[in-house]
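Just so you know, ligand 1 is whichever comes first in the structure, and atom 1 is the first atom listed for that ligand. Since the model is a prediction, treat every value here as computed from it, not as a measurement.
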Amino acid sequence: MSKRLSRRTFGTVIGAAAVGASQASRLFAAGAAAPDAAAAAAGDASASRTFPPGFLWGTATAAYQVEGAATEDGRGPSVWDTFSHTPGKTNAGATGDVADDHYHRYKEDVQLMKSLGVKVYRFSIAWSRLFPTGKGAPNPKGIDFYNRLVDELLANGIQPFATLYHWDLPQALQDNGGGWENPDTAKAFGDYAGYVAEHLSDRVNHFFTINEFGAFVELGYRVGVHAPGVKLPPGRFNQTRHHCVLGHGLAVQAIRAKGKAGTKVGLAENMTICAPVIETDAHIKAAEEATRQVNAQYMTVIQEGKYTDLYLKNAGADAPKFTDAELKTISSPLDFVGINIYTPIYVRADGSPQGFAVVPHPKSFPRVASPWLFVGPEALYWGPRHVAKIWNVKEIYITENGCSSSDIPAADGLVYDTDRVMYLRNYLTQLQRATADGVPVKGYFCWSLMDNFEWADGYTNRFGLHYVDYDTQKRTPKLSAQFYKEVIAQSRVL
Ligand code: PNW
């Protein structure tokens, strides 16, 4: 944050924490209940754990992970249908054919949200329901589903936040020119985005263009473990990255052109979060520079309108080809930035020309059920703080954060996911610290409302606040749902 903010809040935070400790020990010694939100708002010691007024609590899902109904009402196949139906690509051959059957059970799922008390819900729209082959004539039954969902959410007091692309590229676009390898896909994405804005922006005020370049492009087009399962050589791969950010920019422009006045647009990116190894000025500065450089191919070019010199230099002959007009489109101004945050990397200052070094996680670094998910709660402090400080962003949402767990129902049928509660409590503590320091985080979407199709991991590695029995489609709130419900009710870390 700015010097002004950090100096002003420094004393407040330290002061509040000191009072908080003594107040808490008095309360618990007396066996009293924890202080509630009213007391906190009145300046009680617990205020240090409270979120700002109007903070938006939510949950998130994505179309292919929950909807099912893969061939219903004219939906065309996406790259994830093809990939998951290819033997050996997903754990135990799992597909999203049925998933959580949310397409038919969305009303029940809205009630789960209502019971949690969320004010906002982030879902994604399946491009191939609206345009079965990615472009051309729309399928009216496609948008009908999202009309029903949006109306149901609003009728229950929940604001819809819609993501336009959560990885389910229409298969026809992949077959015809290689999907995002082809700049025509960026153009088709812009057209689709305009169509959605035209039809939903009377009720949906917030749109995210693309979810996680950092996952689907890398895993789908370089590593090949996600759809479409391609392993491109570096030059073609960097060009594909470029087409994806270009698609984002074209979608921003289309939403502005076709959406109702006042429609807000941003993205939901899993940028790499650079936490300083120790919170000294030198390491913090190194972490800020690292943030720009390690996110050069996506977030930095979107925010700054150019690729960093270091990115272009390292890519050499494999650097993407681009025009100034494309860079301008890519950096079209946004209303907000969404960041999906699960885990940090650690950065230290060093004497190298780039000024930073990434410190690899030791083998013993704690993780949860997903092997990539290292537990580093301070990611939820440094992520939004870097975005606000480096790019002067005024409206930030945490568009995903969550924890995978083994989640085995106990004898009483409930899931006591104390690991997820521990994870959320520690991450939210760091998010609250960010808001207390003046970082403009406006809302938080917990991933996920319910267990769902976890991509190549299939139905293992559950991330839900609700347990889903995939044989019966029964949803049961886990301990973490009870925890999150209390957090929301009091808008403070518990
Ligand atoms: C995100 N990694 O995916 C996605 O946006 C969600 O659809 C997904 O369910 C959620 O996080 C949990 O995984 C990721 O390997 C998948 O680093 C893989 C990675 C990161 C994010």
- Any cation-pi pair here, R122 with F208, using under 6.0 Å and within 45°?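 Yes - R122 lies over the ring of F208, closer than 6.0 Å to its centre and within 45° of its axis.
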- Output all residues satisfying side chain to side chain contact (heavy atoms under 4.5 Å, CB included) with I488, sequence neighbours left out; order by chain, then residue number. W57, V118, Y484
- Query: Taking only heavy atoms of F463, which atoms of ligand 1 are found under 4.0 Å from at least one of them?
  - Reply: 12 (C), 13 (O)
- Residues two or more places apart in sequence or in another chain: which of them pass side chain to side chain contact (heavy atoms under 4.5 Å, CB included) with Q482? L479
- Query: Short N/O distance, under 3.5 Å, between Y342 and ligand 1?
  - Reply: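 By distance alone, the answer is yes.
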- Query: Among W455, W372, Y64, W447, which residue places a heavy atom closest to atom 15 (O) of ligand 1?
  - Reply: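 Minimum heavy-atom distance to atom 15 (O) of ligand 1 goes to W372.
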- Message: For atom 4 (C) of ligand 1, what's the nearest protein heavy-atom neighbour? Residue, atom name and distance, please.
- Response: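 Scanning the protein heavy atoms, the shortest distance from atom 4 (C) of ligand 1 goes to E400 OE1, 3.4 Å.
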- Message: Salt bridge check, R105 against D101: does any charged N sit closer than 4.0 Å to a carboxylate O?
- Response: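 Between R105 and D101 there is a salt bridge, with a charged N closer than 4.0 Å to a carboxylate O.
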- Query: Which atoms of ligand 1 sit under 4.0 Å from any heavy atom of H166?
  - Reply: 4 (C), 5 (O), 6 (C), 7 (O)
- Query: Which heavy atom of the protein is the closest neighbour of atom 21 (C) of ligand 1, given with residue, atom name and distance?
  - Reply: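 Protein heavy atom with the smallest distance to atom 21 (C) of ligand 1: E212 OE1, 3.4 Å.
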- Message: Salt bridge check, R148 against D144: does any charged N sit closer than 4.0 Å to a carboxylate O?
- Response: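 Salt bridge: no.
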- Note on the structure: Near E454 (heavy-atom distance under 4.0 Å), the atoms of ligand 1 are 8 (C), 9 (O), 12 (C), 13 (O)
- Task: Say whether N211, considering both its backbone and side-chain N or O atoms, lies within less than 3.5 Å of an N or O atom on ligand 1.
- Result: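 There is such a contact, yes.
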- Message: Between D451 and R475, does any NZ, NE, NH1 or NH2 come within less than 4.0 Å of an OD or OE carboxylate oxygen?
- Response: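 Result for this pair is no, no salt bridge flagged.
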